[in-house]
Amino acid sequence: MTKKLVLIDGNSIAYRAFFALPLLNNDKGVHTNAVYGFTTMLLKILEEESPSHMLVAFDAGKTTFRHKTYEEYKGGRQKTPPELSEQFPLLHELLDAFHISHYQLEQYEADDIIGTLARQAEKEDWEVKVISGDRDLLQLVSNHITVALTKKGITNVENYTPSFMKEKMDIIPEQIIDLKALMGDSSDNIPGVPGVGEKTAVKLLNQFENLDNVYANLDEVSGKKLKEKLENNKEEAYMSRDLVTINIESPIEIGIEDVIYKGYETPSVTHVFRDFGFNSLLERVQSDEERSEEAVEALPAFDVKIVEEVTEDMLAETSALVVEMLGENYHYANIEGIGLVNDNGAYFIPTEMAFQSSTFIKWAEDESKKKWVFDAKKTFVLMQRQGIHMKGIEFDLLIASYLINPAENYHDIPSISHRLEKKGVAFDEDIYGKGAKVKVPEQAILADHVGRKTNMLYGLKEQAEEHLRENSQWELYHELEMPLSIILGVMEHTGVSLDVERLENMGEELQKRLADIEEEVYELAGESFNLNSPKQLGPILFEKLELPVVKKTKTGYSTSADVLEQLRDQHAIIPKILLYRQLGKLQSTYIEGLLKVVDQESHKIHTRFNQALTQTGRLSSTDPNLQNIPIRLEEGRKIRQAFIPSQEGWRIFSSDYSQIELRVLAHISNDTKLIQAFNNGEDIHTQTAMDVFHVEKDDVTDMMRRQAKAVNFGIVYGISDFGLSQSLGITRREAKKFIERYFESYPGVKAYMDDVVQDAKQKGYVTTLMNRRRYLPEITSRNFNRRSFAERTAMNTPIQGTAADIIKKAMIDLYAALEDEKLEARMLLQVHDELIMEAPEHELDTLKELVARVMEETVSLEVPLEVDYAYGNTWYDAK
DNA sequence: CGGTGCACGC
DNA sequence: GACGTACGTGCACCGG
């Protein structure tokens, strides 16, 4: 078997990883992003290449033999940031754990070590793979040596073989040094021939093959200027060539046979991963079984009593409660058992036992018996499904954790306890398995795990509450999110009625139309293919039909709607594809999708609102997502005709805040002009156009209003000049100008934007009206993109988040008002700035007045809040 | 089973 | 000048 040598340019990959990833800290406060990125790359290489020999080469010190030739070599280069330097020792530690050789040599660079070994291996007919981000290494490419250059991110590479180089760069590997000699390399401060760039250099090499021939035949070089430049910089060119030439005879003390790689041993690798805090990588080096066994074995002893009957002595004044189920959808999942922990002990109550016990049910419904839970809404719904009206929920760890830091991806009990370094509970995955392998374990194991989670929950309450108070988030937690959680639970459990028959009819109709359009498309294309596959559609449009390529994606041609829109008039196939896409979306996502999740018996849909997910405080909706039901295009809007009241004689009632985000902006920026704009009662986009373009109302053209609207949209969603240019189809420069003009018109808004960014830089986070918090660590990033994104987020989150706060409070107020007024009307859905309800016909008059008043008065801002409402027989008609 | 491209809402 | 650009969810495809 041929041997395979993998050579990694350690510095290059570490650099790449460092700049590609945010500055991660491990729990010891040491930066680990470069090591982390390097590790992901390493794991990928090991998997894909299965090397028999391997070495990671590093640059040694500041000076190299090249500096003797040219003092300014690599001059002007930014100093290695200390946050990166400190990671190199960790990198060495990591490689040792993997039993991978690493090497550096005084006065030489990693390139030279790689070159020397690569050529040695080549002679022995080994296969060689070099991994780096440095294009200089391409000079090594040969039939035996492939160079993988990082493309984007860290693990994304492009493999350079001689034929690939010819195709992509139009040169052969041996010409790389001559190429660099001519064009230079600003990053290494290599001069080359001034004024000669890549294009000219390639042209010259195509004509003359190499540098020597260029100079030997200077007369034949076309262009007087170019000739002069070459003539005057001959010395520089040759020096540049020397500098970029890799030394393939470096005096290294190791040979290819020394860098044998026999694979790593899991224990040493898992040890460093743990040490560095790379928990997410553990599963890549351990089998699921290994990891789960280890996790379970590491747990301290814990005793949980499996009860045979619920008795009073188990039910203290205050208890942690976990109603355990597998899967996600608590509207349908089975309950596997119940964990109960309080000062009297830790108990596991088998499902049947609990729900047949009047003692347990009485306790659950007793408001004065306090319950601490994880996910109050889920717990509430699970109980509700058993006919139990749970009361007395006093603490919800999920919501607390989310409010403390919404950026955490995992808010489950084991994850939280891990973060707080409290051992004592395994991850669900380690107990139940994952994916298709999920199953309920035997009762003793189940009881132990549920008991441990419940116990952890019991122990975490105090710390979480303290944290909330420190953050001034107690009110947000206690008066807003906690009550809302139960209201959302009621809404979800109530569900929305669906006119199944109507939806099925629409589906049949649509199916016919789709089949017809599909046929027409194949006719126009001259062949049939999978129209749902962008990968197959691309070549048809841009190769066979030779339509102009507007945009490319990383995997091929872009066929997105905005691209097709630009091609609309160029071929009859385009409008048909667009229509097919539009209707196909309706069919698959909305018609088939909704029919798949509707309750077969009640014909109701029970979505789940995720209250602990978005970074801004908005809700999200899943299974199904009822927050993105079509409205913009009439065709899609008809889907709403299938959403109907649950009872005869009832109506769907919909109310929404008008321009809530811009009103919030007016309030928090206290901008006089913007406040005036709202008090003026004029359409806000028209008003913005008047202010930005300095024209009277009658002189606002459709174009002006459209642009003003896009700018307002941009302000609300925190998009960039690029984003605005995309949405208006204008250049970035023009978009930037619009934004500037907007800020000139509303100086208070400008001042707010500046302040909030400053404030975020200083504090590290931004807040909303009700003290919702979002941390923005990247606001001090040296990476322009990351920093800009964080800045826009700083400006946008208080706006969007405050709007979210307001509608949440309105929901609480409205829920109470409906109860007070003893109305049957009930909330069904929330769509960010809109509430959808159902109500008996006779309540509509009361409701109109009540809903608008409650929503408008839930908070008092510097500008009035305005609510529009409508009602009808279906959601469609409530417009 | 996870990544990608696309499309829907706010 | 780089780099990739509001937030979500869900579908189909496709390659491993």
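- Among the protein residues, A/Ser720 comes within range of the nucleic acid bases, having at least one heavy atom under 4.0 Å from a base atom.
- DNA chain C is contacted by A/Phe789, A/Arg792 of residues 787-798 of chain A, taking any non-hydrogen atom closer than 4.0 Å.
- The salt bridge (Lys or Arg N to Asp or Glu O under 4.0 Å) test applied to A/Lys879 returns no partner, not counting sequence neighbours.
- Using a distance-only test at 3.5 Å, with no hydrogens or angles considered, no donor-acceptor pair links the side chain of A/Glu834 to the main chain of A/Ser654.
- In this structure, the CZ atom of A/Arg774 is 12 Å from the P atom of C/dA6, given to the nearest Å.
- The interatomic distance linking A/Gln726 (CD) with C/dA6 (P) rounds to 9 Å, in whole Å.
- Proximity of a side-chain donor or acceptor of A/Glu408 to a complementary backbone N or O of A/Tyr402 within less than 3.5 Å is not detected.
- Remark: P of C/dG10 and CG of A/Leu586 are 17 Å apart, rounded to the nearest angstrom.
- Remark: side-chain polar atoms of A/Thr559 are not paired, donor with acceptor, to backbone N or O of A/Gly538 under 3.5 angstrom.
- Of all nucleotides in DNA chain B having an atom under 4.0 Å from a heavy atom of chain A, the first and last in 5' to 3' order are B/dC1 to B/dC10.
- Formation of a donor-acceptor pair under 3.5 Å by the A/Thr40 side chain with backbone atoms of A/Gly37 is found in this model.
- Atom NZ of A/Lys552 and atom P of C/dG4 are 18 Å apart (whole Å).
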Step by step, work out the side-chain hydrogen bond (donor to acceptor under 3.5 Å, both in side chains) result for A/Ser781 and A/Asn783. CA-CA 5 Å; A/Ser781 170; A/Asn783 179 313; 5.1 Å; no

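- Listed by residue number, there are no residues of residues 803-811 of chain A with a heavy-atom contact under 4.0 Å to DNA chain C.
- Counted within 6.0 Å of NZ on A/Lys736, heavy atoms from surrounding residues, nucleotides or ligands total 12 or fewer; the atom is thus considered open.
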With side-chain hydrogen bond (donor to acceptor under 3.5 Å, both in side chains) as the criterion, how do A/Gln587 and A/Gln511 come out once you've worked through the C-alpha distance, each side chain's angles and the decisive distance to 0.1 Å? CA-CA 8 Å; A/Gln587 183 75 312; A/Gln511 202 54 52; 2.5 Å; yes

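- Under the side-chain contact (heavy atoms from CB on, under 4.5 Å) criterion, A/Lys199 pairs with no residue, sequence neighbours left out.
- Between A/Ser620 and C/dT9, a side-chain N or O to OP1/OP2 separation shorter than 4.0 Å is present.
- Rounded to the nearest Å, the gap between the P atom of B/dG5 and that of C/dT5 is 12 Å.
- A/His685 is linked by a side-chain contact (heavy atoms from CB on, under 4.5 Å) to A/Gln659, A/Asp683, A/Arg705, A/Lys709, A/Asn712, counting only residues two or more places apart in sequence or in another chain.
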Between protein and nucleotides 11-16 of chain C, map the contacts as a letter string: B base, S sugar-phosphate only, - none, heavy atoms under 4.0 Å, written 5' to 3'. SSSSS-

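- Spacing between atom CG of A/Leu776 and atom P of C/dA6 amounts to 15 Å, rounded to whole angstrom units.
- Distance, A/Arg782 CZ to C/dC3 P: 17 Å, rounded to whole Å.
- Using a 4.0 Å heavy-atom cutoff across all strands shown, A/Arg581 reaches sugar-phosphate atoms only and no base atom.
- With sequence neighbours excluded, the residues satisfying side-chain contact (heavy atoms from CB on, under 4.5 Å) with A/Pro539 are A/Glu543, A/Tyr557.
- By the 4.0 Å N-to-carboxylate-O rule, A/Lys737 lies too far from A/Glu734 to be salt-bridged with it.
- If you check every strand for non-hydrogen atoms under 4.0 Å, A/Asp623 touches sugar and phosphate atoms only.
- With hydrogens and angles disregarded, a donor-acceptor distance shorter than 3.5 Å links the side chain of A/Lys808 to the backbone of A/Gly617.
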Could you walk me through whether A/Asp562 and A/Lys551 pass the salt bridge (charged side-chain N to carboxylate O under 4.0 Å, His left out) check? CA-CA 10 Å; A/Asp562 63 311; A/Lys551 199 166 74 181; 3.5 Å; yes

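- Comparing the C1' positions of C/dA6 and B/dG2 gives an interatomic distance of 25 Å, to the nearest angstrom.
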Please step through side-chain hydrogen bond (donor to acceptor under 3.5 Å, both in side chains) for the pair A/Thr802 and A/Asp805, ending with a clear verdict. CA-CA 5 Å; A/Thr802 298; A/Asp805 292 349; 4.7 Å; no

Secondary structure of DNA chain C per the Watson-Crick/G-U criterion (both distances under 3.5 Å; [ ] crossing, | other strand, . unpaired) is ......|||||||||.

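- Within 4.0 Å of A/Arg732, counting heavy atoms only, lies at least one base atom of the nucleic acid.
- A salt bridge is absent between A/Arg663 and A/Glu856: the closest approach of a Lys/Arg side-chain nitrogen to an acidic carboxylate oxygen does not fall below 4.0 angstrom.
- A salt bridge between A/Lys638 and A/Glu509 is absent, with no side-chain N of the basic residue lying under 4.0 Å from a carboxylate O of the acidic one.
- Within 4.0 Å of A/Ile629, counting heavy atoms only, lie sugar-phosphate atoms of the nucleic acid but no base atom.
- In terms of heavy atoms, A/Ala794 sits closest to A/Val756 at O-CG2, 3.5 Å.
- With hydrogens and angles ignored, a donor-acceptor pair under 3.5 angstrom links the side chain of A/Asn785 to the base of C/dG4.
- Rounded to a whole Å, the CG atom of A/Asn712 is 15 Å from the C1' atom of C/dA6.
- Judged as a side-chain contact (heavy atoms from CB on, under 4.5 Å), and not counting sequence neighbours, the contacts of A/Ser788 are A/Phe784, A/Arg792.
- Listed by residue number, the members of residues 660-669 of chain A with any heavy atom below 4.0 angstrom from DNA chain B form an empty set.
- For residues 605-615 of chain A, the pairs satisfying side-chain hydrogen bond (donor to acceptor under 3.5 Å, both in side chains) are A/Glu481-A/Gln611, A/Thr607-A/Ser621, A/Arg608-A/Asp623, with sequence neighbours left out.
- Atom-to-atom, CG of A/Asp721 to C1' of C/dT5 comes out at 9 Å; the value is rounded to the nearest Å.
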